[in-house]
Amino acid sequence: MKLSNLSQSEIVSALGGDGVALSIGPFAVKLKSRIGYVARGLRRLYGDYRVMPDGSFYDFHIAIERPRGIRSRFQPQSLFLVDGETPFKPLPLNQAYPFFEWGLNWCVAQYSHQYLILHAAVVEKDGIAGIIPGNPGAGKSTLCASLVASGWRLLSDEMALIPSGENTLIPVPRPISLKNNSIDILKAYAPEQVYGDSYHDTAKGTIAHMKPPVESIERAGEFATPRLLIFPHFDPESEISVSAFSKGQSFLKTVECSFNYDYLGADGFNRIKRLISSCDCYNFTYSSLEEGLNGVSDLWEKALSDKTN
Amino acid sequence: MIVDGPEKRWQLSSYTRLEFSRYDDEVVVFDTGSGNTHVVDPVAADLLLTLSDKPHTKKELSNQIVTSFEFEQDSSIEKYVDSLLHSLAKQNIIQPYTE
């Protein structure tokens, strides 16, 4: 059963009671909340996700609730809890839904050490998976969202998950987080996509999310083989430029964008070693969405051609 | 005791065990002791691999490199090895051999 099979009132009731359990890639997430923003965001953006039956094993038990105390009467807030613990300070009540998204990112990065986790978007088309690591300002999420809106499969907009012993990428498709100007840019480029509410004055500015395509969610059990590693740089003043990036330097940059390379030690080293060996690595500078899309598509065509020859 | 002068030998740092990943003219080296990751050139990688076996003097390392890479034996090789040893020591990958 999908979440969209439930009415809004059923979702609100479930979230306020035993919770709603969703299958999100390799993770089972149980969520409880009596905050309306969460129910609204969940229904709009997670409608195509499978609801897990009662009694399943859950990787994360998450609750987004109002904190108690006199302050909450004057400044309504929301609190993120995982397994009953509160790892973060409260946020304004109207940021309760993005709090769920950020908190779930944290849970995966903190607890999922069966994977090497890279801060990167991952997209795939016709068997060619591309990893786009996400330095701040690189335009990773905007590029990812536009590729997905153009027909690429979304594996993740935030984290590349690499298991032990295999050079594959584990999909964990979730709503794509967009910030500030990129929200309007994507809405203009892909108005047919489904977007959640915009949340203003967050620590990252204005945030909104783009719903993943149904196909990406339904193919979440289908692993992908990495073939492209693209380090993007968005610079509106520059000309488009694509250059091969040496494997050694690509290795170091991949280490830099890993959440848990240090934790995994030699195992992490060997996972990146396999990754780098299978990928063509590029530095990519672009100044517009169109350039970004065309540039990635050109690299994909080259990789596809190399694969078939 | 550290022996100085031409007989000074070098070894990998304590608790260092190295893993290598080779790409054309770059070698990525992972130090399992410190958890640090380095990119070095093939000559430095060869030197480290040699020291992984047992301690060596600068002269022995220079000769090894000349043989491995078919360089011409001249004074520039030892100067280069000297510079390389100091660079690697500064990064705590190697240290003077202590008896």
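Reminder, nothing fancy here: chain letters follow the sequence lines and each chain counts from 1. Just the heavy atoms: all of them, side chains too, but no hydrogens, waters or symmetry mates, feed the values below.
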**Prompt:** Is the A/Trp106 ring parallel, tilted or perpendicular to the A/Tyr111 ring (thresholds 30°, 60°)?
**Reply:** perpendicular

**Message:** What I'd like to find out is whether the side chain of B/Ile65 reaches to under 4.5 Å of the side chain of B/Leu47, using heavy atoms alone.
**Reply:**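 Heavy-atom side-chain distance check passes, below 4.5 Å.
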
**Message:** Using side-chain heavy atoms (C-beta onward) and a distance below 4.5 Å, is B/Ile93 in contact with B/Leu48?
**Reply:**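 Of all side-chain heavy-atom pairs linking B/Leu48 with B/Ile93, at least one is under 4.5 Å.
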
**Fill in**
The residue among A/Ile162, A/Thr225, A/Leu118 that forms side-chain contact (heavy atoms from CB on, under 4.5 Å) with A/Leu169 is A/Ile162

**Item:** Side-chain donor/acceptor of A/Arg174 to backbone N/O of A/Glu101, under 3.5 Å
**Value:**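 Here the side-chain-to-backbone pair exists.
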
**Message:** Donor-acceptor check, side chain of A/Asp59 to backbone of A/Ala28, threshold 3.5 angstrom: yes or no?
**Reply:** yes

**Message:** For A/Phe100 together with A/Phe80, are the ring centres under 6.0 Å from each other?
**Reply:**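 No, the ring centres sit 6.0 Å or more apart.
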
**Prompt:** Which of residues 286-298 of chain A have a heavy atom under 4.5 Å from any heavy atom of chain B?
**Reply:**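 Within residues 286-298 of chain A, no residue comes under 4.5 Å of chain B, counting heavy atoms only.
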
Chain A and chain B: which donor-acceptor pairs fall below 3.5 Å?
{"unit_1": "A/Ser246", "atom_1": "OG", "unit_2": "B/Glu26", "atom_2": "OE1", "d": "3.0"}
{"unit_1": "A/Ser246", "atom_1": "OG", "unit_2": "B/Glu26", "atom_2": "OE2", "d": "2.9"}
{"unit_1": "A/Gly248", "atom_1": "N", "unit_2": "B/Glu26", "atom_2": "OE1", "d": "2.8"}
{"unit_1": "A/Tyr261", "atom_1": "OH", "unit_2": "B/Thr37", "atom_2": "OG1", "d": "2.7"}
{"unit_1": "A/Lys273", "atom_1": "NZ", "unit_2": "B/Phe20", "atom_2": "O", "d": "3.0"}

**Prompt:** Can you list every pair that meets side-chain hydrogen bond (donor to acceptor under 3.5 Å, both in side chains) and has a residue in residues 228-238 of chain A, with sequence neighbours left out?
**Reply:** A/His233-A/Asn283

**Prompt:** In chain order, what residues pass the salt bridge (Lys or Arg N to Asp or Glu O under 4.0 Å) check against A/Glu158, with sequence neighbours excluded?
**Reply:**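 Scan of A/Glu158 (salt bridge (Lys or Arg N to Asp or Glu O under 4.0 Å), adjacent residues dropped) gives A/Lys140.
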
